[in-house]
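Presented below is the structure to which this report refers.
In what follows, every heavy atom counts, from backbone to side chain, and hydrogens, waters and symmetry copies are set aside. Below, read A as the first sequence line, B as the second, and so on, with proteins coming before strands; counting in each chain starts at 1.
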Amino acid sequence: MFLKFKDEVSSVLTKALTDAGLEADDLALDESPHADISSSVAFRLAPKFKKSPKQICEAIHKHVKILPDSYIDRAEATGPYINFFASRTYLNETVLRVLLDRENFGNLNNSGKVILEHTSANPDGPLHIGHIRNSVIGDTLARILKRAGYDVETQYYINDMGRQIAVVVWGLMNFKFDATKKKDHAIADVYIAANKTLVDEKEHSPEVDAIMKQYEIGDSDTKRKFKNAIDTAMEGIEQTQDRMNIHHDKFVWESQFVRTGDVKKMMDRVKKLENTMLKDGAFMVDLKEAGIEKPLVIQRSDGTSLYTTRDLAYHEWKATQCDRMIDILGADHKLISSQLKAVLRILGLREPEVVIFEFVSLPEGSMSTRRGVFISADELLDEVKKAAYSEVSKKRPETDEEFRQKVAEFVSIGAVRYDIVRVSPEKATTFDWAEAVDFEKQGSPFIQYAHARACSIIKNAKDEGITFEEFDAGVLLEDQETALIKKLAGFENAIDTAARELKPNLIAIYARELADAFNQFYRYVPVISAEPEFRASRLALVECSRIVLANALDTLGIVAPESM
RNA sequence: GGGCUCGUGGCUUAGCUUGGAUAUAGCGCCGGGCUUCUAACCCGGAUGUCGAGGGUUCGAAUCCCUCCGGGCCCGCCA
C-alpha cells in the first residue's frame, strides 16, 4: 500500500515538475515526521535555476494535480519542502487489503531462485552464541526474501575436508564418547580433549595427517568414520536450530566437489589464467588488480586442494541452479570472501552477495570451540528460558505449569532471536549474561504481547457476539487509529527495503514500531465497549493489527502467541 | 606494519549506501496512570561537542582527508 502511495507521489511530482518547466533525476522523496512523504527536491534545483528553494517549491506546488480517489490527500509547500499527505482512500483500502490478503499481506512479487547459505559451522561441537548470530541473520533474511517473492533455498555447507574434522575422527578413535550428553556437546568434549593431547604429545600429529589423506583419496572405512562423526555432531546442531525455528533445505558436503572432480576442473581452469603462477610447486593467483596484495594459493605443492579451491567449485555449482547467491559470513571471512569473489570475477563466473556480520566475543576475549572457550546456544536458551519462566510465573500466577513452560519457551526463543536481529550485522558485540537474560522492554516479548492482546480482544468480541462482517473503515478517525493504519500499510515497504538491502534488522524495527502503534491504540481507543457505529470497524482494525503483527513476527521467525 | 570495519546521552542502539526541517528508540534515572478489551502496557521529564580535528557544500551524524580508540584479518589452516 505504501509502495503504491509512493509511486503516486512520484508520478504526481514528476508531472508537476514538468509542468513547472523543471526537471530532476532524483525526486528526493523521504518519509518524514512532518508528512507521510516529503520531497526536498527544491534544494537540488535551486542552484540550477537560480531561484531560492522556497520559490522553486512554490512553483512546483502550484502545478501539483491530485486525481480523485488518489492515495494522496493533499500536497503542501512548507518552506523548501513539498509535503504529501495520505488520503482516506489510502487508509480504507489498507484495511480492506489486510483483511483480504491476511497471512500474505506484505508479500511482494519479485521472482527468481535464491540460494542462501548460512550458519555452516564446522561440525566439531555445538553452535555457540557467535554461530547463532549467523543463523538468525540468515534465517531471517531467508524469510524476508520469501515474502519478497523469491524462491529461497537455504543451504548449510559442511566443511568436512578440514583438519578439525580429522581431529574429531581421531578423537573418537582415542577418547570416550559420552553418550549421555547431547551429541554435539559430546563431540566437542572429544574434540577439545583431542586438541589438547595433540598439543601436548606432538607424536600423534602424523596420525591425523594420515586420516586426512585417507579421506581425500576416498578410503571407504575412513569415509564411514567421517560420516559417523559429522552426522553425530549435525544431529545436535539441527536440534538446536529446530528449537530456534531455523531449518536448512539442503546440507552440502564440501567433499562432494572433490569426489565429482569439480575441484580438479576448477584448479585446471584457474591454472590457465594469466594471473596464476607456480611457486615452490604450489599454484597461486595474483589478485593485485582486484586490490588484494596477498596471492591466493589454490593448489598445494603436494597437489591437494585447499578450502578456497573447494569453495570456488561450490560457488560455481551453486550458480548453475539459482539467480542469486547470498552468503552469510563472519567477519573473519572478509578477506577470504573477497579473494573468492575476485577469482570468480576473473573466471567470468557469478559472484555471491556476501553479508558479513561482526564477532560476538566474551568479556574475556574471543570464543574458540577448540579450546573449549565458548557459550553454547543451548546454554543461552536454557538460561533465558529460566528467566522467562520466572517472569510468566510472576505475571500470570493463576496459570498452570504447562502454560508457563510453553510461554517461557516461545518468549525465550523470541527474545534471543530478536536481540540478535535488532542490531545491525556490522556491529561487534560483547556477550553479557546479565543483559542476555534481561527482558528488555520493546523487545520480542513486547511485540508478542501486543499480538496476544489483539487476540484477546477478538476472542472477547466473539464471546459477546460482536462481528466485523459489516464495517466502514472511514469511521476510524482517531489519531491512534490513523497512525496504526499507516503503520500497517508500511509493512510491504519494510519487506521491500530489507530484501533489497539485505538488512534483517529493519523488520525488527518495523515490528517494534507496529506493536508500539497498536499499544497506543489499545490504551486510548476502546473496542468492545465502543458505541455500535465504531465497534465493528475497530474490531476490524484489531484483526488487521493481529494479522500484520503475526506476519512481522513470522518474518522474524518468532511465535505469535494467542495468550501469554 | 598493512588492509577492512566500528565509534551516536550512564549503558545498548536507529539513521550513514542515496547529505536536507527539532538526531531514533529502549534500558537505567525522576514523576504519573490498573473498579475500564491481559500493566510483559501507557503518559510526562532530565540526559547528546553524533570519537577528535580539518575539508567539500546553501546545508554534514551522513561525503573526503588526518589522527585517536575498539574489533577482525594478513598460513601451501578452515
Atom CG of A:Leu29 and atom C1' of B:G19 are separated, to the nearest Å, by 16 Å
Item to check | Heavy atoms of other groups near A:Lys462 NZ, more than 12 under 6.0 Å | outcome: no
Scanning both residues in full, the closest heavy-atom pair of A:Pro126 with A:Phe374 reads CG-CE1, 3.8 Å
Regarding A:Val525, tell me which of base, sugar-phosphate or nothing describes its non-hydrogen contacts under 4.0 Å with the strands shown.
base
Quiz question: by atom type and distance under 3.5 Å, do the side chains of A:Asp30 and A:Ser38 form a donor-acceptor pair? no
Item to complete: Indicate, with a heavy-atom threshold strictly under 4.0 Å, whether A:Arg310 touches base, sugar-phosphate, or nothing.
Response: sugar-phosphate
When you measure from the side-chain N and O atoms of A:Arg300 to the phosphate of B:A78, is any distance below 4.0 Å, counting only OP1 and OP2? yes
B:C43 phosphate, OP1 or OP2, under 4.0 Å from A:Gln520 side-chain N/O:
yes
The nucleotide from B:A14, B:G71, B:A40 with an atom nearest the side chain of A:Glu358 is B:G71
- Query: Strictly by modelled atom types, are A:Tyr215 and A:Asp160 linked by a side-chain donor-acceptor pair under 3.5 Å?
  - Reply: yes
Self-check item: Residues A:Arg310 and A:Asn159: side-chain donor-acceptor under 3.5 angstrom
Solution: no
| query | Looking across every strand, which nucleic acid part, if any, lies under 4.0 Å from A:Val297 by heavy atom: base, sugar-phosphate, or nothing? | reply | sugar-phosphate
Could A:Arg538 and A:Phe534 be counted as a cation-pi pair, given that NZ or CZ must be under 6.0 Å from the ring centre and within 45° of the axis? yes
Margin query: Taking the C1' atom in each of B:U5 and B:U57, what is the distance between them to the nearest angstrom?
Written below: 27 Å
Inspect the surroundings of CD in A:Glu533 and state if more than 12 heavy atoms from other residues, nucleotides or ligands are less than 6.0 Å away.
yes
**Asked** Which is true for A:Asp311 with a 4.0 Å heavy-atom rule: it touches a base, it touches only sugar-phosphate, or it touches nothing?
**Response** nothing
- Given the C1' atoms of B:U62 and B:A21, what is the spacing between them in whole Å? 16 Å
**Message:** Taking any heavy-atom pair under 4.0 Å as a contact, classify A:Phe446: base, sugar-phosphate, or nothing.
**Reply:** sugar-phosphate
Exercise. Base, sugar-phosphate alone, or nothing: which one does A:Ser424 contact when heavy atoms must sit under 4.0 Å apart?
Worked result: sugar-phosphate
What nucleic acid atoms does A:Lys279 come within less than 4.0 Å of, heavy atoms only: base, sugar-phosphate, or nothing?
-> base
Once you apply a heavy-atom cut-off of 4.0 Å, does A:Val360 come out as touching a base, just sugar-phosphate, or nothing? nothing
### Task
Could you give the distance separating B:G51 and B:G32 at their C1' atoms, to the nearest angstrom?
38 Å
A:Phe359 CZ to B:G70 C1', in whole Å, measures 15 Å
**Message:** Taking any heavy-atom pair under 4.0 Å as a contact, classify A:Ile336: base, sugar-phosphate, or nothing.
**Reply:** base
Is it true that A:Lys288 and A:Asp286 make a salt bridge, defined as a side-chain N closer than 4.0 Å to a carboxylate O?
yes
Taken to the nearest 0.5 Å, the spacing of A:Ile326 CD1 from A:His118 NE2 works out to 11.0 Å
**Q.** Distance, P atom - from B:C50 to B:C63, rounded to whole angstrom
**A.** 15 Å
Taking B:C37, B:A40, B:C76 as options, the one with an atom nearest any side-chain atom of A:Glu391 is B:A40
Check your understanding: Using a cut-off of 4.0 Å on non-hydrogen atoms, how would the nucleic acid contact of A:Glu293 be classed: base, sugar-phosphate, or nothing?
Key -> nothing
- Message: Could you tell me how far B:G48 sits from B:C11 if I compare only their C1' atoms? Round to whole Å.
- Response: 14 Å
Open item on the list: Strictly below 4.0 Å: does A:Tyr522 bring a side-chain N or O up to OP1 or OP2 of B:A39?
Closed with: yes
**Asked** Just checking A:Leu335: base, sugar-phosphate only, or nothing, at a heavy-atom cut-off of under 4.0 Å?
**Response** sugar-phosphate
State whether A:Lys294 places a side-chain N or O below 4.0 Å from either non-bridging phosphate oxygen (OP1 or OP2) of B:G75. yes
**Q.** Any donor-acceptor pair under 3.5 Å from A:Tyr314 side chain to A:Thr308 backbone
**A.** no
Using Watson-Crick geometry (N1-N3 plus N6-O4 or O6-N4) or G-U wobble (N1-O2, O6-N3), each under 3.5 Å, B:G7 is paired with B:C68
Using a cut-off of strictly less than 4.0 Å, decide whether A:Arg453 has a side-chain nitrogen or oxygen near OP1 or OP2 of B:A40.
no
What integer number of Å spans the P atoms of B:G75 and B:G3?
-> 16 Å
In whole angstroms, the gap separating C1' of B:A39 from NZ of A:Lys394 amounts to 13 Å
Out of B:A40, B:C73, B:U13, minimum distance to the side chain of A:Asp332 belongs to B:C73
Separation of B:C76 atom P from A:Gln339 atom CD, nearest Å, is 11 Å
- Item | B:U8 versus B:G15 - spacing of their C1' atoms, nearest Å | 10 Å
Under 4.0 angstrom, heavy atoms only, what part of the nucleic acid is A:Asp30 near: base, sugar-phosphate, or nothing?
-> nothing
| When all nucleic acid strands are considered with a 4.0 Å heavy-atom cut-off, which category describes A:Met564: base, sugar-phosphate, or nothing? | base
Strictly by modelled atom types, are A:Asp327 and A:His333 linked by a side-chain donor-acceptor pair under 3.5 Å? no
For A:Val542, which contact category applies under a 4.0 Å heavy-atom criterion: base, sugar-phosphate, or nothing?
nothing
By nearest-heavy-atom nucleotide on RNA chain B, the more 5' of A:Glu435 and A:Lys503 is A:Glu435
On RNA chain B, more 5' by nearest nucleotide between A:Asn159 and A:Asn460 is A:Asn460
Partner of B:G28 under the Watson-Crick or G-U wobble criteria, both distances under 3.5 Å, comes out as none
Atom CE of A:Met284 and atom P of B:G75 are separated, to the nearest Å, by 11 Å
Answer for the Watson-Crick or wobble partner of B:G1, both distances under 3.5 Å, is B:C74
Within the structure, does a side-chain N or O atom of A:Lys427 lie under 4.0 Å from either OP1 or OP2 of B:G70?
no
Rounded to whole Å, the CD-C1' distance (A:Glu426 to B:U17) equals 11 Å
Collect all protein-nucleotide pairs involving nucleotides 25-36 of chain B in which both atoms are nitrogen or oxygen and the distance is under 3.5 Å.
{"from": "B:G26", "atom 1": "O2'", "to": "A:Lys441", "atom 2": "O", "distance (Å)": "3.1"}
{"from": "B:C27", "atom 1": "OP1", "to": "A:Lys441", "atom 2": "NZ", "distance (Å)": "3.4"}

| task | Rounded to whole angstrom, note down the C1' distance from B:A46 over to B:G7. | result | 25 Å
Separation of B:G71 atom P from A:Leu362 atom CG, nearest Å, is 14 Å
Separation of B:A21 atom P from A:Arg44 atom CZ, nearest Å, is 12 Å
Among B:A21, B:A40, B:C58, the one nearest any side-chain atom of A:Phe43 is B:C58
Separation between NE2 (A:His451) and CZ (A:Phe518), nearest 0.5 Å, reads 9.5 Å
